[in-house]
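Keep in mind that what you see is a predicted model, and the values were worked out from it rather than measured. Residue indices begin at 1 and follow the sequence shown.
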Amino acid sequence: MLIAVVGAHLEGQPLNVQLTERAGRLVERTATARCYRMYALETDPPKPGLVRVGPDDPEAGAIELEVWSLEPEAFASFVDAIPAPLTIGRVLLAGGGDIAGFLCEPLAVDGAVDITSFGGWRAYRASLDGPR
């Protein structure tokens, strides 16, 4: 089974082990369609919240993602461990089609910093390590 990840589960990020310990395999690096906004959530470890928005939202953008493959039992245990406000839903891909992937309950982004302009979690996190 395939799942799209956009934040702390990306390769090299702190929660990627939750995929690799389940024998997850990286299949592809791509992006979402240009109909999402991403927010920095106040979680530990830090995670983003991906929210699909309307077609006329001028702040929407494409967000970097990775597609991982898991066996059905591993997929089930992985999804069962996902804490709110994150959810699994259908994520639209830049090249067309959709895939199961991480989304966020809209209420959770109230007051959160919009990081869509970075184009992805890695770029946002790298910006925090730069000069302040």
Practice item. Test side-chain contact (heavy atoms from CB on, under 4.5 Å) on Arg22 and Leu70 and set out the steps. Key: CA-CA 7 Å; Arg22 290 174 171 86; Leu70 292 166; 4.0 Å; yes
Review point. From Cys104 SG over to Arg52 CZ, what is the distance, rounded to the nearest 0.5 angstrom?
Key: 15.5 Å
Exercise for review: For residues Pro48 and Leu86, report the shortest heavy-atom separation together with the two atoms involved.
Suggested key: O-CD2, 3.6 Å
Review point. Is the closest side-chain heavy-atom distance between Ile82 and Thr87 below 4.5 Å?
Key: no
**Study point:** Heavy-atom pair with the smallest gap, counting every atom of Leu103 and Tyr36
**Key:** CD2-CE2, 3.9 Å
Point to revise | Minimal non-hydrogen separation, Trp121 against Val6, with atom names | key: CB-O, 3.2 Å
Check your understanding: So do the side chains of Ile115 and Met38 get within less than 4.5 Å of each other, counting heavy atoms only?
Key -> yes
Study note, to complete from the structure: When rounded to the nearest 0.5 Å, the distance separating CD of Glu21 from OG of Ser77 is 8.0 Å
Practice item. Please step through side-chain contact (heavy atoms from CB on, under 4.5 Å) for the pair Leu92 and Cys35, ending with a clear verdict. Key: CA-CA 8 Å; Leu92 302 175; Cys35 58; 3.8 Å; yes
**Study point:** Heavy atoms of other groups near Glu71 CD, more than 12 under 6.0 Å
**Key:** no
Exercise for review: State the OG1-CG distance between Thr20 and Leu26, to the nearest 0.5 angstrom.
Suggested key: 11.5 Å
Revision key, fill the gap. Pro72 and Met1 have their tightest heavy-atom pair at CA-SD, 3.8 Å
Check your understanding: Counting heavy atoms not belonging to Glu42, are there more than 12 under 6.0 Å from its CD?
Key -> no
Review point. Does Val17 belong to the same Ile/Leu/Val/Met/Phe/Trp/Tyr cluster as Phe102, with side-chain heavy atoms less than 4.5 Å apart forming each link?
Key: no
Check your understanding: Are side-chain heavy atoms of Leu41 and Pro46 found at a separation under 4.5 Å?
Key -> no
Check your understanding: With the 4.5 Å side-chain cut-off for hydrophobic clustering, are Leu93 and Leu2 part of the same group?
Key -> yes
Practice item. Check whether Val113 and Leu128 end up in the same hydrophobic cluster, where Ile, Leu, Val, Met, Phe, Trp and Tyr are linked by side-chain heavy atoms less than 4.5 Å apart. Key: yes
Check your understanding: What do the steps show when you test Lys47 against Leu15 for side-chain contact (heavy atoms from CB on, under 4.5 Å), and what is the final call?
Key -> CA-CA 10 Å; Lys47 298 179 197 100; Leu15 298 181; 3.6 Å; yes
Review point. Would you call Leu50 and Thr32 a side-chain contact if the rule is heavy atoms closer than 4.5 Å?
Key: yes
**Study point:** Val91: which of Asp98, Leu65, Val5, Ile63 passes side chain to side chain contact (heavy atoms under 4.5 Å, CB included)
**Key:** Leu65
Review point. Are side-chain heavy atoms of Phe118 and Arg125 found at a separation under 4.5 Å?
Key: no
**Study point:** Candidate pair Ile3 and Phe75, rule side-chain contact (heavy atoms from CB on, under 4.5 Å), full reasoning
**Key:** CA-CA 8 Å; Ile3 188 162; Phe75 182 90; 3.8 Å; yes
**Study point:** Check ion pair Arg122-Glu66 (N to O, under 4.0 angstrom)
**Key:** yes
Revision key, fill the gap. Minimal heavy-atom distance between Asp114 and Tyr39, with the atoms involved, is CA-CD2, 3.7 Å
Study note, to complete from the structure: Closest heavy-atom pair, Asn16 versus His9, reported as atoms and distance to 0.1 Å, is ND2-O, 2.9 Å
